[in-house]
Amino acid sequence: MWKDYSRSYIKNNRASSISIMTAALVATMFLSLLCSIGYNFWVYDVEQIMLEEGDWQGRIVCETLGSGDLSEDNILSLVCQFANVEKAVAGKKLSKKEGTVVDVYFKNARTIYHDMPLIAAQLGLNKDSIQYNSLLLSRYFIHDPEAATPPMLLALYVMILIIVAVSLILIIRGSFELSMNARIHQFGIFSSIGATPRQIRTCLLQEAMVLSILPMLLGSIIGILISYGVIKAVNFFAANVSGRHEAVFQYHPSIFAVTVFISFLTVIFSAWIPARRLSRMTPLEAIRNTNGFMLKKAKHSRILSYMFGMKGELAGNALKAQKKSLRISTLSLLLSFLGFSIMICFTTLADISTRYTYFERYQDAWDIMITLKDTEISDFGLTDELQDISRIQDALVYQKAEAMTLLPEGLQSDELSSLGGLEPIAGTPKTNGQFQVSAPIVVLDDTSFLNFCSQIGIAPGLDGAIVLNQIWDSLNSNFRYKEYVPFVREDNRTTTLYKNDNILEIPVLSYTQNPPALREEYDNYALVHFIPLAMWNKTLGEGFEAESDSYIRILSDGTANLADLNGLEQEIVRLVSEQYEIESENRVQERLSNDSLIQGMVMILGAFCVLLAIIGIANVFSNTLGFLRQRKREFAGYMSIGLTPQEMRKMFCIEAFVIAGTPLLITLPLTVLFVQFAITASYLDPMVFWSEAPILPILIFAAAIVLFVTLAYYIGGKRLLQCDLNETLRNDTLI
């Protein structure tokens, strides 16, 4: 009997069935999209880690091998004797060190933090000789049990999945509740003739599964297709980003199984909540239910009444009665529009900030940058060959090193002293009348250093340093528009540098407030020292260790367009890459890559905002297409007291206006407050942002929300007004 009843109800109530199927489709699609994209991002992250750091899991490092030590072959043989070791291979030698590196792979990597110390002990090595590829292991959710703060990636992803599932349960629940509420009277009759609550719940859950199976499968497939498009979009927008590999869409059957299982649980819980409530009603309560809204006559909608009169009062009362069922719609539309508005304003602010602080600031400082990996500046021998390339205006080779200096209070400049001295400006404490100040070293090739001497107007020489004599006046300027004052008095002709136990006094050729044209951001409270390569090799190279990489800054001649710079970059790469391991980038391509990344981020995040809006709009459609049974009596009553169809249409318009307008009215002031806060925090000129404010995309998004909500009410209202409302007062049968 129940199967025949369910089949008949589904056949004769297509609007309600379509509403449930649409909600299940959207929910499953969203879950499938989330699971598929999460899986692909995880796979990409693992691939990127393997490319950058290798696929090894554990590593044994023997820095020196004496006559009594194990040989490499013996280490490999002993390691492979452990039952859980899949293989052990000789790894890459450590940079600047002699010794053996053995990479270890395990059959069950989850025991690595237990097995590696045992292997080291068997080899007679201490724990300092073993290393873990912790980043790669963490991606497989293998964490060091002794770590104080283990990675929370799995917990975060599971929490996001739970939040999404709960949200979707609430969304689908609304559709089921609309369908079930329309049948309270009928189930009251069934209950009065002997139907048990369990039979009623089983009937409703069976209907839910029949209506949801096909949408769940279809939604899973659509989610997979959308995630495939997202991966393609990411590759398109990030095609020119250096240091990344192309993402390849991947999918695993277990992901499909997880998606369908979670969707199944979501549908069951969504249907069970209203089914349980309905089955617990007494027969008398169910039979007396009139299937209409519980209009709260004691509460008045003063704003709507003031704006639209009696029709506004009636619309407001109806909205209050629907408040519970429309809660998900309001929240989804609000979050989608708020998220979209803040996201697009934030990306606009980020683009402006990056343009001002990076691209425009350094546009005259570099055209092409070459990073010489693990190369000392003294080992680079192609400086003259670079200068011979016709399209190069200037090629500068440099390397960086860290050092400190002690600055007596008496050496501070008069301008700095007038501001209160170094302590309030930089927060640097004083010890025994001296300040410990960072003194970074920039080693320039000799030709570039001599050119720098000529640029600042001093006699060229290679027997001293040039000190960048400036400090940020943080009391009278902000980080966006920095003002500088001289750091030290310029009558001191020597400077003392130290690093660890190495202390060295070197001569100072000159002080300057104009550094060489480099793409470098210097510390606000540091005394930067520029020294020539000859002096570094002669006096500092032994005691002060430089960074492992060196850099080549290229300035091209003439206008720097993309085609010219790409050609010049390829020519330089061909010359340098034959002898050195390098990374290269050019300024114009960097700018285009940055623009592509921002566009891609806007597209992807915007797509999620659109999906969130779709959820809200789908819920609006579910309500409007499913309220025929519930609202026929309401409008039949209005018609009986003289309300015309035209006036009822105006009521629908008012309801649509409130549903679509509420998220917009809440979002706009919040967005303005966010923008104002962000502008103030970043010390940006407000007119700079407002001249580029993304007003048009926000208006288009808002117009789309209004359009689809209006369409939902137009379709629902048209179908409602086509019914014989007078007959509804006498007949409770749904036509």
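Counting from 1, the numbers follow the sequence of the chain as shown.
In this structure, Asn594 and Glu590 have side chains that are not in contact, with every pair of non-hydrogen atoms separated by 4.5 Å or more. Taking 4.5 Å as the limit, some side-chain heavy atom of Ile582 sits within range of a side-chain heavy atom of Val573. With contacts defined as side-chain heavy-atom distances shorter than 4.5 Å, the pair Phe256/Leu217 qualifies. Phe340 is listed as a side-chain neighbour of Pro697, based on a closest heavy-atom distance under 4.5 Å. Residues Leu333 and Val709 form a side-chain contact, since some pair of their non-hydrogen atoms from C-beta on lies under 4.5 Å apart. The shortest distance between side-chain heavy atoms of Ile659 and Tyr713 falls below 4.5 Å. Residues Ile572 and Ile370 have side chains in contact (heavy-atom distance under 4.5 Å, counting atoms from C-beta outward). Contact annotation: the side chain of Gln589 approaches that of Asn566 to within less than 4.5 Å [non-hydrogen atoms, C-beta and beyond].
Taking the six-membered ring for Trp and thresholds of 30 and 60 degrees, Tyr140 and Trp42 have ring planes more than 60 degrees apart, a perpendicular arrangement.
When each of Asn586, Leu565, Ile554 is tested with Asp367 by the rule side chain to side chain contact (heavy atoms under 4.5 Å, CB included), just one qualifies, namely Leu565.
Of all non-hydrogen atoms in Leu136 and Val46, the two that sit nearest each other are CD1-CG1, 3.9 Å. Between Thr347 and Ile598, the shortest heavy-atom distance links the atoms CB-CG2, 4.2 Å. In terms of heavy-atom proximity, Phe337 sits nearest to Ile698 at CE1-O, 3.6 Å. Heavy-atom minimum distance, Ser227 versus Leu33: N-CD1, 3.6 Å. Summarising the geometry of Ala365 relative to Leu518, their closest heavy-atom pair is CB-O, 3.9 Å, with the distance given to 0.1 Å. Nearest heavy-atom pair, Phe41 versus Ile231, reported as atom, atom and distance to 0.1 Å: CE1-CD1, 4.1 Å.
The salt bridge (charged side-chain N to carboxylate O under 4.0 Å, His left out) search around Glu53 returns none, not counting sequence neighbours.
Not one N or O on the side chain of Asn478 forms a donor-acceptor pair closer than 3.5 Å with the backbone of Tyr683. Of the possible polar contacts, none joining the Ser32 side chain to the Thr28 backbone as a donor-acceptor pair under 3.5 Å is found. The closest donor-acceptor contact from the side chain of Trp366 to the backbone of Arg587 lies at 3.5 Å or more, if one exists at all. Side-chain atoms of Thr354 come within 3.5 Å of backbone atoms of Ala350 as a donor-acceptor pair (strictly under, hydrogens ignored). Judged by distance alone, the side chain of Ser477 and the main-chain N or O of Ser474 form no donor-acceptor pair under 3.5 Å. A donor-acceptor distance shorter than 3.5 angstrom exists from the side chain of Arg553 to the backbone of Ala517, with no hydrogens or angles considered.
Residue-environment remark: OH (Tyr251) exceeds the threshold of 12 foreign heavy atoms within 6.0 Å. The number of heavy atoms from other shown groups lying within 6.0 Å of CZ (Phe657) does not exceed 12. Within a 6.0 Å sphere centred on CZ of Phe708, heavy atoms belonging to other residues, nucleotides or ligands number 12 at most. The number of heavy atoms from other shown groups lying within 6.0 Å of NZ (Lys232) does not exceed 12. No more than 12 heavy atoms of other residues, nucleotides or ligands sit less than 6.0 Å from atom CZ of Phe261. Heavy atoms from other residues, nucleotides or ligands lying under 6.0 Å from OH of Tyr714 number 12 at most.
Put simply, OG on Ser220 and CD1 on Ile262 are 10.5 Å apart, with the number rounded to the nearest 0.5 Å. Here Ile679 contributes atom CD1 and Ile352 contributes atom CD1; the two are 8.0 Å apart, rounded to the nearest 0.5 Å. Rounding to the nearest 0.5 angstrom, the gap separating the CZ atom in Phe359 from the OG1 atom in Thr357 is 9.0 Å. To the nearest 0.5 angstrom, Leu665 atom CG is 11.0 Å from Leu670 atom CG. A distance of 3.5 Å separates CD1 in Ile49 from CG in Leu135, rounded to the nearest 0.5 Å. With values rounded to the nearest 0.5 angstrom, Leu334 atom CG is found 9.5 Å from Leu664 atom CG.
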Verdict with reasoning, Asp473 to Tyr484, per side chain to side chain contact (heavy atoms under 4.5 Å, CB included) | CA-CA 5 Å; Asp473 179 8; Tyr484 296 92; over 6 Å; no

Could you go through the ring-ring contact (aromatic ring centres under 6.0 Å, His included) check for Trp472 and Tyr522 one step at a time?
-> CA-CA 11 Å; Trp472 173 35; Tyr522 305 112; over 10 Å; no

What do the steps show when you test Arg519 against Tyr358 for side chain to side chain contact (heavy atoms under 4.5 Å, CB included), and what is the final call?
-> CA-CA 9 Å; Arg519 193 193 64 178; Tyr358 183 76; 3.1 Å; yes

How far apart are the C-alpha atoms of Ser556 and Arg391, what are their side-chain angles, what is the distance that settles it, and do they pass the side chain to side chain contact (heavy atoms under 4.5 Å, CB included) test?
-> CA-CA 6 Å; Ser556 66; Arg391 287 181 290 172; 5.7 Å; no

Carefully, step by step, assess Met343 and Val602 under the rule side chain to side chain contact (heavy atoms under 4.5 Å, CB included).
-> CA-CA 8 Å; Met343 177 272 299; Val602 170; 4.3 Å; yes

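Judged by distance alone, the side chains of Tyr39 and Gln250 never bring a donor and an acceptor atom under 3.5 Å apart. With no hydrogens or angles considered, a side-chain donor-acceptor pair links Arg480 and Ser353 at under 3.5 Å.
Pairs engaging residues 688-704 under the side chain to side chain donor-acceptor pair (under 3.5 Å) rule: Arg355-Glu692 [sequence neighbours left out].
Taking 4.0 Å as the cut-off between side-chain N and carboxylate O, Glu521 and Arg361 count as a salt-bridged pair.
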